Structures are given as C-alpha cells and as structure tokens.
Amino acid sequence: MRRRKFFAAGVLLLTAMLFGAETSEAAWKKPQAKTAAKPEGLMIRTVQIPDPQMSDIPAARAALPEGWKLTKSDVLWNFNMISDPAHVLIEIEKSTDGARFGMVSPIHFIAPGPYSQGLGLLVKQPVSPEDYIRELLNGDRTLSDVSVTKVSKPQAIAEALEKTAAVMNQQGIEEATRRGLRNPANRQTVADVALVDFTCLKDGRRQEGGMMVGIFYVRIDGGSVMWNTTNMFAVAADEGKLRACEREFAAIMANTSINPAWEEVRGQVTNYLQQQNIRAQEAQIRINDAALQRQIQDTYNYISKNRREVLDNQADSASRISRGWTDTITGTDRWSGSGESYSAPTGYDYGWRSSDGNTYYTSDSGFDPNHSSNFSGDWTPMQKVPW
C-alpha cells in the first residue's frame, strides 16, 4: 500500500514538474509583445475622393471617425452646364444611432433673365438660404414628415461671409472697370447664411438634424444676376441621439473639404467652356444689342480673369464657415503635423499623425501609438497651432 501511494504521489509530482517545465520553457521562448492599452480618444481616418473624369486627381478629402464609413463620394460632371460643370457629393454614416453627415460643394446659379437663355447656365430665381434649405428638405424623397424646428444665423459665420463678399465685390468692380463696362460701381456682392434645425422620418425612423448653407448674391444695377452657395453641410441622427454625436460631427466637418487644386482645374474647365460658348453666341448676337452683350460679358468676367482670387477667397470662406459651424456645436483646435493641418474638438491635449494621414487625439500624456498593438504604421506627434 505504501509503495502504491508513494508511486502515485511520484507520478503526480513528475507530471507537475514536466508540465511546469514545458510551460516555463514555452514562456521563455516566446518574447512578450510590448502592448499598451488604447486610451480614450478620437481616431480619424482620412480618405481621398478621386475624380475619374480628371485622371483620378483628388477632388476632396473626407474625415472618418472610428465606426463611421464613407457611403457616397460622387464627383459629377455635366459639360453642358458651362457655368457650373462639376459638383462633389459626400455622405458619411455611422453604423449606430442612424447618424449621417452630408456635404455638397458650391453651386453657381444665374437668375432668370434675357441674358441667361440658351447659355448652358443653371438658371434659378434667387432665394434666401433658409428657403433654399427648405426646398431641399421637401424635395428629398427619402424623407417624410419634415418639420423645421428652428432657423438661426450663426454670427461668426455671417461675419466671415460678409468679409468674403466685400473682397469679391471689390474684385468685381475692378474687373468691370478694366473692361470698360458702364457703371461698374453699381455691382454689389452681399451674403447671407442660415442654419436650419429639423425633424423628419427616414426609413421609418424619427430623426433630428440640421443643415447649413451660405449664399453670395451678385447684384448689378439693383437686379440679382448671379448667386452662389458655399459648401452645404447636413447632419442627422435618430431622435435624441444627435447631441451624442456632436464631437464626431465636429471632427468630420472640420476635416472634410474640397481640394483647392481640383477647384482650380474645375475653374479652368469652366473658363474654357464659357469661352467656347461665347464664341458660338457671338454670331447670334446683334451688334447693337449692347445691354445683352454687357450681361454676357459680365457673366464671363465673373468666372475668368479673377477666377483664382475668387476661388482662394471662397476656399478661405468655406474653411472659416466649417470652423464656425463646428464651434456652434463644440469648440475645435487646429493641429499641425508633417506639413498638414488638421482639426479636432477641443478637449484633447495630445495629437498624433500616422504616415498615411490618419490622426489620433488623446489626453493621455504617457501614450505612444508606436508602442501599442492597437495601432499600425509610423506615428509622429502633432502640435496645436492658433487659428
């Protein structure tokens, strides 16, 4: 009996020793990977929107917070519309909360009149930003039971638009003077903006949201001749969930934009189409019809020689508008890294940028994404910069 008990105890001891040695040896052979817990923060992935019509040059960039996906990224060209041949549409959605973001690049309209017939222009009677948004909401067949709950005019955005309108107005007067047009000082550019809060039904779900657009009106001799929108932004989420997504919306709006280089190409195409159309129209215009000639020239002037300066001012205005609206939701900070500029909602102390342009923001001073298994690629720290 004693031998059996001793033998059984010996087997158990030997087994424990063997398994213990094996486990210890396996652990010794496997190097422990350096991992760091992912702190609470905001990851933003940046994607480029290519333009297939223009050799896939980036037309815009879109910012995708973690958990969001790009559901639409269309670059639409219509060469028959010589004053407005291209538009960019971007839609971004979150897998939960029914949250969605949309952006449409600026649209250039011509008011109805004798000068606007047969010129391949987008002709539409000028409307206020509020009415323009109402038309879009009521015309969206995917929405029903639309109700506007509030209309406001963010002061910071209105002031930014007014400054841009003043610059555009001066450029227009100088160009009209250079070309010898009559009464150049009668040209006036004014601006307006509206932020419209609304509720609706989409796919059977009650949602709440907001849309914002700014509009420039170019008037000559008191009549509206041309009017252009800024980038138009829209956000929505299931009712009661909109506020929970405000920081993500702020990050998207602050980092989603049209590529200025693509906008310049678009301007060159617009200029070419306008020149071709004017040459074709000249054969049909009576020599003594000076009024009509002046209107066509003025339309052409607006999108020709000063195109670059106008684009630069509109791009700057669009940037300020984006920042202004995000500030109405939540404050934003600007960050700089590897020669690029990024934005994030205020509240983060440290920012990182990866080699492929993604960004991460955190308040953890000891966190380094290069030492975390949750991140891939090479990351470099960013610095906060003033607006």
Side-chain angles (χ1 to χ4, degrees), residues 40-50 58-75 87-106 133 154 156-157 195-198 202 207-214 229-238 241-260 315 317-337 340-348 351-354 356-362 382 387:
E40 183 179 351
L42 178 65
M43 169 73 83
I44 302 176
R45 182 166 62 92
T46 302
V47 297
Q48 301 292 335
I49 311 299
R61 75 173 185 180
L64 307 179
E66 201 166 8
W68 293 69
K69 62 181 180 179
L70 186 67
T71 54
K72 178 178 288 188
S73 56
D74 292 337
V75 183
H87 298 105
V88 178
L89 290 82
I90 296 174
E91 290 183 4
I92 301 170
E93 295 184 2
K94 190 177 183 181
S95 57
T96 59
D97 302 330
R100 50 198 171 90
F101 165 88
M103 188 189 84
V104 180
S105 62
I133 291 175
I157 302 174
L195 172 58
V196 176
D197 296 336
F198 64 91
K202 181 177 176 63
Q207 292 204 319
E208 57 181 334
M211 292 181 69
M212 192 208 69
V213 69
T229 74
T230 62
N231 288 334
M232 184 176 65
F233 298 102
V235 297
D238 290 345
K241 301 291 183 65
L242 190 65
R243 297 290 296 180
C245 301
E246 62 180 11
R247 294 177 69 81
E248 293 161 301
F249 282 136
I252 294 172
M253 284 185 284
N255 295 283
T256 299
S257 60
I258 305 299
N259 180 9
S317 175
S319 177
R320 282 180 287 170
I321 288 169
S322 175
R323 296 197 299 269
W325 198 21
T326 57
D327 284 343
T328 66
I329 299 177
T330 180
T332 56
D333 293 326
R334 179 184 290 182
W335 296 79
S336 177
E340 298 287 339
S341 179
Y342 299 90
S343 297
T346 299
Y348 298 106
W352 295 84
R353 180 189 185 277
S354 70
D356 53 4
N358 297 329
T359 55
Y360 188 77
Y361 306 90
T362 179
M382 296 192 296
W387 286 108

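Worth saying up front: this structure is predicted, and the values here are computed from it rather than measured. Values below: all heavy atoms of this structure, side chains included; hydrogens, waters and symmetry mates excluded.
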S.K.: So, for Trp68 and Phe249, is the gap between ring centers shorter than 6.0 Å?
M.R.: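 Under 6.0 Å, so yes.
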S.K.: Show your working on side-chain contact (heavy atoms from CB on, under 4.5 Å) between Glu91 and Arg100 and close with a plain yes or no.
M.R.: CA-CA 7 Å; Glu91 290 183 4; Arg100 50 198 171 90; over 6 Å; no
S.K.: Could you pull out the closest heavy-atom pair between Pro50 and Gln48, with the gap in Å?
M.R.: CD-O, 3.3 Å
S.K.: Identify the heavy atoms of Ala59 and Ile258 that sit nearest to each other, and give their distance.
M.R.: O-CG2, 3.5 Å
S.K.: How close do Thr256 and Ala63 get, heavy atom to heavy atom, and via which atoms?
M.R.: OG1-N, 3.1 Å
S.K.: To the nearest 0.5 Å, how far apart are CG in Asp238 and SG in Cys245?
M.R.: 9.0 Å
S.K.: Just how far is it from atom CG of Asp333 to atom CE of Met382, taken to the nearest 0.5 Å?
M.R.: 10.5 Å
S.K.: Calculate, to the nearest 0.5 Å, the distance between atoms NZ and CZ belonging to Lys69 and Arg45 respectively.
M.R.: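 Between atom NZ of Lys69 and atom CZ of Arg45 there are 11.5 Å.
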S.K.: Using the ring pair (Phe, Tyr, Trp, His ring centres under 6.0 Å) definition, which of the options Tyr360, Tyr361, Tyr342, Trp352 pairs with Trp335?
M.R.: Tyr361
S.K.: Rounded to the nearest 0.5 Å, what's the gap from CD1 on Ile92 to CD1 on Ile252? Could you check?
M.R.: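 CD1 of Ile252 is found 5.0 Å from CD1 of Ile92.
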S.K.: Would you confirm whether Glu340, through its side chain, and Gly357, through its main-chain N or O, come within 3.5 Å as a donor-acceptor pair?
M.R.: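 Not a single qualifying donor-acceptor pair exists.
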S.K.: Evaluate Leu70 against Ile49 for side-chain contact (heavy atoms from CB on, under 4.5 Å), listing each step before the verdict.
M.R.: CA-CA 10 Å; Leu70 186 67; Ile49 311 299; 3.6 Å; yes
S.K.: At what distance, to the nearest 0.5 angstrom, does CZ of Phe101 lie from CG of Leu64?
M.R.: 10.5 Å
S.K.: Using every non-hydrogen atom in the two residues, find where Asn259 and Pro58 come nearest and quote the distance to one decimal.
M.R.: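 Scanning both residues, the minimum pair turns out to be ND2-O, 2.8 Å.
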S.K.: So that I can tick it off, tell me whether Lys94 and Glu248 are bridged by a salt bridge, with the cut-off set at under 4.0 angstrom between side-chain N and carboxylate O.
M.R.: yes
S.K.: Checking Glu208 against Asp197 for the side-chain contact (heavy atoms from CB on, under 4.5 Å) test, could you report, in this order, the C-alpha distance in whole Å, the side-chain angles of both residues, the deciding distance, and whether it holds?
M.R.: CA-CA 8 Å; Glu208 57 181 334; Asp197 296 336; over 6 Å; no
S.K.: Look up atom CD1 in Ile133 and atom CE in Met212, then write down how far apart they are to the nearest 0.5 Å.
M.R.: 8.0 Å
S.K.: Locate the shortest heavy-atom distance separating Asn231 from Ser105; write the atom from each residue and the value.
M.R.: OD1-CA, 3.4 Å
S.K.: Do you know which two heavy atoms are closest between Gly209 and Leu242, and how far apart they sit?
M.R.: CA-CD2, 4.1 Å
